[in-house]
> 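Sharing a structure below in structure tokens format, with a few things to ask.
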Number of protein chains: 4
Amino acid sequence: MRLLFIGDVVGRAGRAAVQSRLPRLRESWALDFVIVNGENAAGGFGITEAICEEMLQAGADCVTLGNHAFDQREALVFIERQPRLLRPVNYPPGTPGRGANLFAAARGQQVLVVNVQGRVFMDQLDDPFAAIERELAACPLGVACDAAMIDMHAETTSEKMAMAHFVDGKASLVAGTHTHVPTADCQILPHGAGYISDAGMTGDYDSVIGMDKEEPLRRFIRKTPGARYEPAQGEATLCGVAVEIGGSGLAQKIAPVRLGGRLSQAWPEFWGAP
Amino acid sequence: MRLLFIGDVVGRAGRAAVQSRLPRLRESWALDFVIVNGENAAGGFGITEAICEEMLQAGADCVTLGNHAFDQREALVFIERQPRLLRPVNYPPGTPGRGANLFAAARGQQVLVVNVQGRVFMDQLDDPFAAIERELAACPLGVACDAAMIDMHAETTSEKMAMAHFVDGKASLVAGTHTHVPTADCQILPHGAGYISDAGMTGDYDSVIGMDKEEPLRRFIRKTPGARYEPAQGEATLCGVAVEIGGSGLAQKIAPVRLGGRLSQAWPEFWGAP
Amino acid sequence: MRLLFIGDVVGRAGRAAVQSRLPRLRESWALDFVIVNGENAAGGFGITEAICEEMLQAGADCVTLGNHAFDQREALVFIERQPRLLRPVNYPPGTPGRGANLFAAARGQQVLVVNVQGRVFMDQLDDPFAAIERELAACPLGVACDAAMIDMHAETTSEKMAMAHFVDGKASLVAGTHTHVPTADCQILPHGAGYISDAGMTGDYDSVIGMDKEEPLRRFIRKTPGARYEPAQGEATLCGVAVEIGGSGLAQKIAPVRLGGRLSQAWPEFWGAP
Amino acid sequence: MRLLFIGDVVGRAGRAAVQSRLPRLRESWALDFVIVNGENAAGGFGITEAICEEMLQAGADCVTLGNHAFDQREALVFIERQPRLLRPVNYPPGTPGRGANLFAAARGQQVLVVNVQGRVFMDQLDDPFAAIERELAACPLGVACDAAMIDMHAETTSEKMAMAHFVDGKASLVAGTHTHVPTADCQILPHGAGYISDAGMTGDYDSVIGMDKEEPLRRFIRKTPGARYEPAQGEATLCGVAVEIGGSGLAQKIAPVRLGGRLSQAWPEFWGAP
Ligand SMILES: [Fe+2]
Ligand SMILES: [Fe+2]
Ligand SMILES: [Fe+2]
Ligand SMILES: [Fe+2]
Ligand SMILES: [Fe+2]
Ligand SMILES: [Fe+2]
Ligand SMILES: [Fe+2]
Ligand SMILES: [Fe+2]
């Protein structure tokens, strides 16, 4: 089974990259399932219903979120009627929407997706390890699903790597998000989980994590408030990770994806140039 | 001018990778200057004089540090007599050792190296932006030095990217360290500074940021203290970034380096296979 | 019902204040129940079994803890056999010991004590609000217990005040701990809960939060490690809060207690000079 | 010399307390100098020029700020023309306004006031210890000024106590602000500096640190955004600290002030009931 995970889409530039590239990728790579993190899709902060629909139509099967999930308040409402949109599963009980769901992939395979948020240097949510253990137990890989995909939205590499080892053997992929920079450490862990510390953002890399660099730089230096943050407008690099999953539900191949924009280009050689 | 920057060397496995690979790399790539971050070289925490000497003999011209600089107390003493060992420049005035120095490279070129530490989610040091501005002004690129290399030891991608844009046009390279994961975003910024958010650690990637995974995982899950942290013992990946610097002191070519161990292998095609 | 809550006992000086004063206070004030926070009793870090016993013998009915609960590893063991020692209830399931218990007071009244830890600027534990809601629901005030006492071990005043309002009407007292400084805001909230943001430490106030001031000051200024932290040795001020609870289980009177040492002296006028 | 320091004035309720009480206090206590922290005076966030003038007219000689200094952007402008308004001195060089100033008190005495911000769990400003050392050296107590007053705006008790010991013997008073809760630890340190960990807010104490409790409580529990924060509207307690300073510039007497509202009332017995 072929899955593509695309990291935090930032603003208009990021959305344009998804719109223009994802439909073709889906086809040329014969993708079975696509996950897109959309927490920064609306001007860098949150997501709207229109943008979510746009992403699903471009070829996403599931859109995940993170600490910016509800920056656009309408997400608190429309997430209830959109089963393909997930927010971190370890928000408190009663939070609108869901943090995990089981989807049918292109050829009927059952794909569990869980969005979870780390706690180190982030907001104080419920234990992400306990939450993931619960979700994987409720839908065991190879029994109730053919693939189990985890979007671990977290600041530190230590919490992400710990999570990956925690589920190794029980999940197909742990893809980190949130730092907005792709890491070069994708690998298959000893017990078969695919892993990357961060899938990277889908945005303009001549920026400060996707935002126009002037204002962030100003605040680091001056410590006084200035203008609003605005997404950078240069061509985005679509960043993500490609994973091929075997009959056992474990990862067989994994490779980074970086298409367009300023970063060095990368794609899975095992699927061919896009 | 050819420079190699190697990220946080972790424990015995990391040191072994440096010992076994660096001498050959220096020769086969005709390197002019080599920087190694050694803040985790001694059992994961700090550096000893013997280890520092070992790294210099293996081919490092300069060893940089970070928040773990003085975990081994002897570093507070021997750093005073070792001009090739740098600790973050923005420690308070009066801190033993220095944070910047000018070195002669292989063919006599003058190389400024500055080690600086970020402040977001880290200890409260002096302003890294002001410190870097001061150092670069004291030794301007193209005037007082042929290359200006910055080891930005920081937690967040935003502070690292902001620093890189801050010095773009005035420094040759900003290489991030501290997260222990290599990023896949190396690029030459609009005004000529080479940049990578993190060079990655030189350590075993079947671990939690270089440490044996059992105890970190335990603490994330259980929240009670257990055994000591120990470095993971598997084969290390030597991680870093290669940069070719022109007569202006700006970066002309940049590429990641990942040799040995579990990660996908990478080297600068412009210098050839190692 | 007369209850006394004593804040974080720090080191030998703090223990001496408890030993010398508590037995007399128990008698002269005819106390029905006494809680002592003992997380810093052993040299400033954690608690040993001997020290816990000593406190119980001096007149404590219950000893609570906090983020330093297990600094002395033996606490992970003996807490299992000591039902009068509580650690924060929102540690992960499976943590040794318990976070809440129901005790018989001097005249047979049932007193629920819950120790809970905040999360802002502290370790990432489970949701303290959900945990407290669960404990109070399991043992409702006026139904299953005659008093419900909460030790809210937290860094920020905002999280403590929020907790107090959260349980107002359902608990007898929310006493903050952890900052090691008594606050002057004790009051009875609109629905009857007694409240103080911090009970204060029982330790030497010519110090940095109870520790000999030299080393903490050094670290703030120099940012390099020096000697070990040691508790300050001057006479301690026994700090706490006195509360009188009515038949409904709500607070009727509340007053600060500060006895001995450098701080201005205070005691409940409604119980008389100690 | 008689000085009164009033802690963070929060919103309309806090301002009303200052307006109605300060003129009479100035007179009945024959105050020589009054400092008011105004960082939350404008709807809880920052200060406007009109509000600053109002406070000066009510009897403040100097208005200090903190991390909310520039929440109202106009403060970036009018602070330049208002020498009686201070923002933390350790903002970066070039920040509008000043962090320290020398004022003439009622009978011509020279009073140095310095506003400084801590760094633990706060924004990353310059070293507050180095900044204070510089200011006190530039205007030595007993030589260039008759009193040296420090508003230490900080989150943790440890950083505040460390600062107080750092300047003990060289400053008249270190009054903490920012936590919005008065502490009960005011004392004269061994070398003569008056000290209180927090002066407390001047606001409604049936609240979460001065704000209407509903929304803060909601966010602690739900973790999703709701309404705006609004100051609580109940009667404020004017909170502060009174200090009598001798010819040497050191503190001779110190006492808390709490007038109006829900908290237990307090005033300096050495000056008489207000
Ligand atoms: Fe993001
Ligand atoms: Fe995020
Ligand atoms: Fe490191
Ligand atoms: Fe580090
Ligand atoms: Fe404590
Ligand atoms: Fe504590
Ligand atoms: Fe404030
Ligand atoms: Fe503040």
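Computed over heavy atoms, backbone and side chain alike; hydrogens, waters and symmetry mates excluded.
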> Measuring only between side-chain heavy atoms, which start at C-beta, is P190(D) closer than 4.5 Å to R262(C)?
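Yes. Closest side-chain heavy atoms under 4.5 Å.
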
> Give, as side chain, backbone, both or neither, the part of K223(D) having an atom under 4.5 angstrom from any heavy atom of chain C.
side chain

> For the CD atom of E133(D) and the CD1 atom of I221(C), what is their distance to the nearest 0.5 Å?
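CD1 of I221(C) is found 7.5 Å from CD of E133(D).
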
> Looking at R12(C), I want to see if its CZ is surrounded by more than 12 non-hydrogen atoms of other residues, nucleotides or ligands under 6.0 Å.
no

> Looking at CG of D206(D) and CD of Q187(C), how far apart are the two atoms once the value is rounded to the nearest 0.5 Å?
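Taking CG in D206(D) and CD in Q187(C), the distance rounds to 7.0 Å.
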
> With a 4.5 angstrom heavy-atom cut-off, is it the side chain or the backbone of P216(D) that approaches chain C, or both, or neither?
neither

> Looking only at heavy atoms and a cut-off of under 4.5 Å, which of G210(D), G200(D), A266(D), A184(D) has the most pairs with chain C?
A184(D)

> Quick check for you: to the nearest 0.5 Å, what is the distance between S197(D) atom OG and Y205(C) atom OH?
8.5 Å

> Please determine whether the number of non-hydrogen atoms from other residues, nucleotides or ligands lying under 6.0 Å from atom CD of Q233(C) exceeds 12.
no

> I'd like to verify something: which residue of S207(C), P256(C), A255(C), A130(C) has the highest number of heavy-atom pairs under 4.5 Å with chain D?
S207(C)

> What's the separation between atom CG in D198(D) and atom OG1 in T157(C), rounded to the nearest 0.5 Å?
8.0 Å

> Side chain, backbone, both or neither: which part of T156(D) has a heavy atom under 4.5 Å from chain C?
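Both parts, backbone and side chain.
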
> Among T179(C), L217(C), I209(C), find the one that has a side chain to side chain contact (heavy atoms under 4.5 Å, CB included) with S158(D).
I209(C)

> Is there side-chain contact between F220(C) and D127(D), with heavy atoms separated by less than 4.5 Å?
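A side-chain contact is absent here, since even the closest heavy-atom pair is not under 4.5 Å.
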
> If I take atom CE from residue M161(C) and atom NE2 from residue H180(D), how far apart are they, to the nearest 0.5 angstrom?
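Interatomic distance, M161(C) CE to H180(D) NE2, rounded to 0.5 Å: 10.0 Å.
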
> Heavy-atom count around E214(D) CD within 6.0 Å, excluding the residue itself: above 12?
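Check fails, neighbour count at 12 or below.
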
> Is chain D contacted by the side chain of F129(C), its backbone, both, or neither, given a heavy-atom distance below 4.5 Å?
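For F129(C), side-chain heavy atoms alone lie under 4.5 Å from chain D.
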
> Chain D heavy atoms under 4.5 Å from R219(C): which part of the residue, side chain, backbone, both or neither?
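Nothing of R219(C), per the 4.5 Å heavy-atom cut-off to chain D.
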
> How about CD on Q252(C), more than 12 heavy atoms from neighbouring residues, nucleotides or ligands closer than 6.0 Å, or not?
yes

